[in-house]
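Below, chains carry the letters A, B, ... as their sequence lines are ordered, and counting in each starts from 1.
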Protein chains: 2
Amino acid sequence: MDTSKRIPERIIFPKGEKIENEHFTGTASLHVLVPDNNTFHCPVFNVAFEPGARNNWHKHPGGQILLVTGGRGYYQEESKKAQVIREGDVVTIPPDVKHWHGAAPDSWLAHIAISTNAQWGDAEWMEPVTDEEYTTLK
Amino acid sequence: MDTSKRIPERIIFPKGEKIENEHFTGTASLHVLVPDNNTFHCPVFNVAFEPGARNNWHKHPGGQILLVTGGRGYYQEESKKAQVIREGDVVTIPPDVKHWHGAAPDSWLAHIAISTNAQWGDAEWMEPVTDEEYTTLK
């Protein structure tokens, strides 16, 4: 498994375009595989994080499923220890559970993100994962 | 892209165990990534077809999304031409659309299958894709 610092342009699916919003620390990219719509209620994205990049703490009213396609990173739920995630891992995030995910400091991370029950509402974004929280992860 | 006749044991996710039911022609394998449940309403499977293998015509009451992870095969909706699908392709199958998918005669196929709106009911299985239909695909 290549966990060097350069994200491949494609791990089966394209890494996409740089995310330009305030909900991320560091550089992450997004490629829409299936847009949100009223037929499937299930948008699907490919997301790639550069080393050190992560999203803010957030919740999904309908939950989310992550399929990790490459690299190495972290998934953490509020009040729980962060868990290391790698290629082939599957993460199921129940509705309204506060969490974040992102790359390790020394590796990129790529995952497919499936927004389940999307008709129940958009993600609720909260505070960043501070450098202090992030750098003290075991 | 490796489209030889041997399915890899894993394309990011394990190819899984041989499917033993009457809804397939030829040999296909299944690995459950996310089981069906009342939290996500969104079971996710990894499916691998050996060359020549395909599923019967069928419908999903809640629709389905396919993320093609390797090989080469076909997706066909009733009354439409079959389309060739390959690594990186995304197929969105609306609710109640009669269709089938599977490998090409000379290549395996692997895809992730996302059952959307699973609370709307199980797949409705129909007749096999006959050898005549399959061998005359362009």
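For B:Asp122, the CG atom counts as loosely surrounded, since its 6.0 Å shell holds 12 or fewer non-hydrogen atoms of other residues, nucleotides or ligands. Counted within 6.0 Å of CD on A:Glu17, heavy atoms from surrounding residues, nucleotides or ligands total 12 or fewer; the atom is thus considered open.
Annotation: the span from A:Ile12 atom CD1 to B:His111 atom NE2 amounts to 13.0 Å, rounded to 0.5 Å. Taking OG1 of B:Thr69 as the start and CG of A:Leu67 as the end, the distance is 11.0 Å to the nearest 0.5 Å.
Using a 4.5 Å cut-off between side-chain heavy atoms of Ile, Leu, Val, Met, Phe, Trp and Tyr, with links allowed through other members, A:Leu109 and A:Phe45 fall into the same hydrophobic cluster. Note on A:Ile114: it clusters hydrophobically with B:Ile11, by side-chain heavy-atom contacts below 4.5 Å among ILVMFWY residues. Linking ILVMFWY residues whenever their side-chain heavy atoms come closer than 4.5 Å, directly or via other members, places B:Ile7 and B:Ile112 in the same cluster. Under the 4.5 Å side-chain contact rule for hydrophobic residues, B:Trp57 and B:Leu66 do not share a cluster. B:Val47 and B:Val68 fall within the same hydrophobic cluster, defined by Ile, Leu, Val, Met, Phe, Trp and Tyr side-chain heavy atoms under 4.5 Å apart, directly or through other members.
Using a 4.5 Å cut-off between heavy atoms, B:Asp89 contacts chain A through its backbone alone, with no side-chain atom that close. With a 4.5 Å cut-off on non-hydrogen atoms, A:Ile93 touches chain B through its backbone but not through its side chain. For chain A, the nearby part of B:Gln64 is the backbone; its heavy atoms alone come within less than 4.5 Å.
With sequence neighbours excluded, no residue forms a side chain to side chain donor-acceptor pair (under 3.5 Å) with B:Lys18.
Within residues 25-44 of chain A, the residues having any heavy atom less than 4.5 Å from a heavy atom of chain B are, in residue-number order, A:Leu33, A:Val34, A:Thr39, A:Phe40, A:His41, A:Cys42, A:Val44.
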